Amino acid sequence: MLGSITLPRRAAEVASARRFVAKTLGDRPETATALLLTSEAVTNSVIHTDGPTVTVVVIEIPTGLRLEITDGGAATVPTIHGGCDLREDRRGVFLLRQLSARCGFNADESGLTYWFEL
């Protein structure tokens, strides 16, 4: 594990999550994509869950990097939404799936962890 941070589940903390990932990864080739996808995943946690915190974990794996975003969970699971290609919202899961090598989520009674690998 390269690092982890637990933040209050507030919109203002999305920037804190990005700063943490930027500092943790430095100038790796994957950093820009990791920052974008972290923003999307943490924003989804802020919008769609009720728990008090969001935790971001950065792990080095044999094939690259794995980032995990854990929150309190919700009644729904991450989903790609259809609709207008020009809209600015509801594209987070789409971006996570398109820009990561692999991604998914684990949900149980303790919460939801969305993960992606680069």
Side-chain angles (χ1 to χ4, degrees):
M1 182 168 65
L2 297 176
S4 71
I5 189 170
T6 298
L7 302 163
R9 189 188 57 84
R10 295 192 310 245
E13 298 301 336
V14 174
S16 299
R18 285 177 57 91
R19 283 190 297 274
F20 163 74
V21 170
K23 183 177 179 181
T24 301
L25 296 182
D27 62 355
R28 292 174 186 245
E30 307 95 331
T31 299
T33 303
L35 293 176
L36 172 63
L37 298 184
T38 297
S39 291
E40 294 296 336
V42 173
T43 298
N44 283 348
S45 291
V46 168
I47 293 170
H48 299 293
T49 67
D50 296 324
T53 61
V54 176
T55 300
V56 178
V57 179
V58 182
I59 304 164
E60 192 160 29
I61 59 174
T63 57
L65 296 169
R66 178 179 172 112
L67 283 84
E68 299 178 350
I69 293 76
T70 301
D71 58 44
T76 61
V77 295
T79 305
I80 291 180
H81 294 279
C84 177
D85 291 340
L86 299 177
R87 72 173 178 218
E88 294 183 14
D89 64 341
R90 303 181 84 180
R91 296 180 119 191
V93 175
F94 173 80
L95 289 172
L96 284 153
R97 288 189 181 170
Q98 293 299 309
L99 298 178
S100 66
R102 292 179 357 122
C103 66
F105 64 90
N106 305 311
D108 60 27
E109 62 280 344
S110 66
L112 182 134
T113 298
Y114 198 98
W115 57 270
F116 61 90
E117 295 177 357
L118 301 171

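Since the model is a prediction, treat every value here as computed from it, not as a measurement.
- Leu99 CG to Glu40 CD: the interatomic distance, rounded to the nearest 0.5 Å, is 9.0 Å.
- Between Leu67 and Thr38, some side-chain heavy-atom pair lies under the 4.5 Å cut-off.
- Here the closest non-hydrogen pair linking Val46 and Ala11 is CG1-N, 3.6 Å.
- Contacts of Arg28 classified as side chain to side chain contact (heavy atoms under 4.5 Å, CB included), with partners at least two apart in sequence or in another chain: Leu2, Leu25, Glu30, Thr31, Glu60, Leu65.
- Residues Val42 and Glu13 form no side-chain contact, since every pair of their non-hydrogen atoms from C-beta on lies 4.5 Å or further apart.
- Between atom OG1 of residue Thr55 and atom CG of residue Leu7 there is a gap of 7.5 Å, rounded to the nearest 0.5 Å.
- Side chain of Arg18 to backbone of Leu35: a donor-acceptor contact under 3.5 angstrom is found.
- Closest approach of Phe105 and Trp115 over heavy atoms only: N-NE1, 3.5 Å.
- The hydrophobic cluster containing Ile59 does not contain Val54, counting ILVMFWY residues as joined when their side-chain heavy atoms lie under 4.5 angstrom apart, directly or transitively.
- Taking CG from Leu118 and OG1 from Thr63, the interatomic distance works out to 9.5 Å, rounded to the nearest 0.5 Å.
- In terms of heavy-atom proximity, Ser100 sits nearest to Phe116 at CB-CB, 3.9 Å.
- Using modelled atom types, one side-chain atom of Arg9 and one backbone atom of Gly51 make a donor-acceptor pair closer than 3.5 Å.
- Contact of the Asp108 side chain with the Asn106 side chain is not registered, since no non-hydrogen atoms from C-beta on lie closer than 4.5 Å.
- For the residue pair Leu37 and Leu95, the shortest heavy atom distance occurs at CD2-O, 3.6 Å.
- The two residues Val21 and Ala34 make their nearest non-hydrogen contact at CG1-CB, 4.1 Å.
- Counting heavy atoms from C-beta on, the side chains of Phe20 and Val56 come closer than 4.5 Å.
- By the 4.5 Å heavy-atom criterion applied to side chains, Thr70 and Val57 are not counted as neighbours.
- For the atom pair CD1 of Ile69 and CG of Leu96, the computed distance is 7.5 Å after rounding to the nearest 0.5 Å.
- Remark: the backbone N or O of Ile61 is not paired with any side-chain donor or acceptor of Arg66 at under 3.5 angstrom.
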